[in-house]
Amino acid sequence: MNIEKTLGEKVVEAAKTLYNTTIELSSVSFQKTNKEFEGDITLVVFPYLKVSKKSPEETARQIGEFLKANAPEVAAYNVVKGFLNLVVTDKFWLEFFSSNQQSTIHNQPSTTMVEYSSPNTNKPLHLGHVRNILLGHAVSEILQAVGNKVIKVNLVNDRGIHICKSMLAWQKWGNGETPESAKMKGDHLIGKYYVEFDKQLKPQIAELKAKGISEEEAEKKAPLMLEAQEMLRQWEAGDKEVIDLWKKMNGWVYDGFASTYKDLGTTFEKTYYESETYLLGKELIEMGLQKGVLQRNPDSSVFIDLTADKLDKKILLRSDGTSVYMTQDLGTAVKRQEEFGFDRLIYTVGNEQDYHFKVLFLILKKLGFKWAEGCYHLSYGMVELPDGKMKSREGTVVDADELIAEMISTARQTSEELGKLEGFTEEEKASLYRTLGLGALKYFILKVDPKKKMLFNPKESIDFNGNTGPFIQYTHARIQSIFRKGGVDPGSIKSTINDQQSTITKQEKELIKMLYNYPAVLKQAATTYNPADVANYVYDLAKEYNQFYHDLPILKEEKEELKNFRLALSARVAEKIKSSMNLLGIEVPDRM
RNA sequence: GGCCCCGUAGCUCAGCUGGAUAGAGCAACUGCCUUCUAAGCAGUAGGUCGUGCGUUCGAAUCGCGCCGGGGUCACCA
């Protein structure tokens, strides 16, 4: 059931009959009719003037007349300048609605791996990570909804100098403190020592600088820094004491992350650890050298020359034979391909790494991996605060756990003020506040186009009115309330409206049209990896429903037939709100 | 400096595969709860779509230049 296609074919016929010309079906495109004109679907006739050799108005009129005579779906038409507005019959919409069919979308199912989150283990998650996690999760859900097999993976950066900093600080000043003894989440505890390290390091650097050593040099030569580097060497050498400490402290961090992931409602099929992948990729270097794709410097470091592709030269192996970030990413990608045989691999990583991924994918192609075509960098903009960027070092970060707690508490406050929760147990209330607080946060982040940077104002961004998650959740709760009041089971409403004689109101038709559009929206969101398409759709749907709800009686409608139709319509809208929101990782309550 | 991204109402964002008088929300102002949840609905006000050329019957949308903001150009990750 596809009205565009049906009418498009008729337009092709019209061109044949009226102007004796063959036009391609694919070249016929319709758009939504503007609100201020009558009609559902509009054909812009300007492109056909050359063929018709008539004025825009006359051309539109002729095609309109043809369609009205030959397409049973067209009830009427009107012409405004070169715009042919077509009114689709109520019968068509009602039949679509009562058939309860999806206007199906064709999609090549594939196996898609989505990498997201990818945290460091030396500090807790902040708002930037939240955007990453929500995006990765939502994109995974959307891809799955259109029929792909999705494998969600996380790549944890659990090794390196930054972790040694936290370890060293804890060793020196921690007095054996644990998350239990400090009553702190593990990731926050580690973060505390990471900050402590920096605090202790600063005076050392200042001291060296006072002796006339350059800033850069001072940072490297400060005693604490030397100790941290020594610790990293011991880690790489497999020193048992260091490894044990590392395992213990990472364990704390993972417990902390697990709880944040749980709050955000995401899970991973597989977690990769850099401590296990950082040596990967070296054998690719040998292969690349043999293929002549890579070159070796006199100092025996290895690089690839991408200047012909308007990129730079990139080192892939240091002169001491150790690998770099890029090498590791190459190796990890190959390993993943071997393990899962994906068709697509999506990296959810901030846009500051655009260049890195451009290079990564290009090297994979040059090494001869065909599947590199299926690699994609889901690049997203930063989250900025009113006073600028978030920087961990400067403490200008919005902590994920604190933010979540704050959203939940605001939800509680708002709910208590409104006082609609009579009969709720304390647990039910607590669960609702979570649903609402997290709904507000997730929707706030996902409604904006991923590739754009976004501004988060802690004071103003927590809103529950207007274009927000709770507004949409509220609409769902409202619908469920109707069913409760009417003692109706939404699953078993029989809408037996007689579509021969009945007409539908503007509000009803708009809702049916939106239900009709859902698959197209989903497809669009999936092909552009953009959850914001779903977010904007579900907002529009909720807004449209609220209008319908306000303007027309549902339970109070006296005609049984019409009442059932409106109940059925409400049920279908509720379903769509629920499934759309679930794609965004947002739950919808039945009461609020 | 080279390359990449962005610039739409006071604020936060839609619209961008070219189409009609550029849309929402927030903030401001005004109405609507003895009627299915007012976290709602309706309305007023707010825009030379950064700017200048160009392509086109038609440009917020495409191209080029300029201005402004951000990112990135490690044998760091």
### Message
On the side chain of Asp533(A), is there an atom forming a donor-acceptor pair with the base of A14(B) - under 3.5 Å, no angle test?
### Response
no
### Task
State, to 0.1 Å, how close Lys447(A) and Ala532(A) come at their nearest heavy-atom pair, and which atoms those are.
O-CB, 3.5 Å
### Message
Any carboxylate oxygen within less than 4.0 angstrom of a Lys/Arg side-chain nitrogen, looking at Glu217(A) and Lys220(A)?
### Response
no
## Note on the structure
When Ser319(A) and Gln31(A) are each assigned the nearest nucleotide of RNA chain B, the 5'-most assignment goes to Gln31(A)
#### Entry: Donor-acceptor pair (no angle test) under 3.5 Å: Ser481(A) side chain, C36(B) base
no
### Message
Between Glu236(A) and Arg159(A) (salt bridge meaning N to carboxylate O under 4.0 Å), is one present in this structure?
### Response
yes
### Query
For C16(B), what is the paired nucleotide under Watson-Crick or G-U wobble rules, both distances under 3.5 Å?
none
### Task
Based on the glycosidic angle (syn within 90° of 0, else anti), state the conformation of C33(B).
syn
### Query
Any side-chain N or O of Asn465(A) under 4.0 Å from OP1/OP2 of G40(B)?
yes
### Task
State the pairing partner of G43(B); accept Watson-Crick or G-U wobble contacts with both distances under 3.5 Å, and report none otherwise.
C29(B)
### Query
Looking at C75(B), A20(B), C36(B), which one has an atom nearest to any side-chain atom of Ile554(A)?
C36(B)
### Query
Does the aromatic ring of Phe83(A) sit over the six-membered base ring of G19(B), closer than 5.5 Å centre to centre and tilted less than 30°?
no
### Query
Hey, does the side chain of Trp235(A) reach the backbone of Ile161(A) with a donor-acceptor pair shorter than 3.5 angstrom?
no
### Task
Can you tell me the distance, in whole Å, between the CG atom of Asn120(A) and the C1' atom of C76(B)?
12 Å
### Query
So what's A38(B) paired with, Watson-Crick or G-U wobble, going by both distances under 3.5 Å?
none
### Task
May I ask you to check whether Tyr443(A) and Tyr539(A) place their ring centres under 6.0 Å from each other?
no
### Task
Would you kindly check whether a donor in the side chain of Thr42(A) faces an acceptor in the base of A20(B), or vice versa, at under 3.5 angstrom?
yes
### Query
Should C3(B) form a Watson-Crick or G-U wobble pair with both distances under 3.5 Å, which nucleotide is its partner?
G71(B)
### Query
CG of Leu455(A) versus P of C26(B): gap in Å, rounded?
18 Å
#### Entry: Nearest-neighbour nucleotide for the Thr33(A) side chain, A20(B), G19(B), C36(B) considered
A20(B)
### Message
Does U21(B) have its OP1 or OP2 closer than 4.0 Å to a side-chain nitrogen or oxygen of Lys81(A)?
### Response
yes
## Note on the structure
Atom NZ of Lys310(A) and atom P of C3(B) are separated, to the nearest Å, by 9 Å
### Task
Decide yes or no, distance alone: a donor-acceptor N/O pair under 3.5 angstrom between the base of A39(B) and the side-chain of Ser415(A).
yes
#### Entry: Complementary nucleotide for U56(B) - Watson-Crick or wobble, under 3.5 Å
none
### Query
Counting N and O atoms only, with roles assigned by atom type, does the side chain of Glu508(A) sit under 3.5 Å from a partner on the main chain of Thr505(A), one being a donor and the other an acceptor?
yes
Enumerate all atom pairs, one protein N or O and one N or O from nucleotides 41-45 of chain B, separated by less than 3.5 Å.
from, atom 1, to, atom 2, distance (Å)
C41(B), O2', His550(A), ND1, 3.0
A42(B), OP1, Gln547(A), NE2, 3.0

### Message
Please confirm whether the shortest side-chain N or O distance from Lys452(A) to OP1 or OP2 of A14(B) is below 4.0 Å.
### Response
yes
### Task
Report yes if the ring of Phe46(A) lies under 5.5 Å from the six-membered base ring of G19(B) with planes under 30°, and no otherwise.
yes
## Note on the structure
Picking from G25(B), C75(B), A38(B), the nucleotide nearest the side-chain atoms of Tyr549(A) would be A38(B)
## Note on the structure
Checking N1-N3 plus N6-O4 or O6-N4 for Watson-Crick, or N1-O2 and O6-N3 for wobble, each under 3.5 Å, the partner of G65(B) is U51(B)
#### Entry: Donor/acceptor link under 3.5 angstrom from Asn351(A) side chain onto base of C4(B)
no
### Presence of salt bridge, Glu115(A) and Arg336(A), under 4.0 angstrom
yes
## Note on the structure
When rounded to the nearest 0.5 Å, the distance separating CD1 of Ile554(A) from CG of Asn564(A) is 12.0 Å
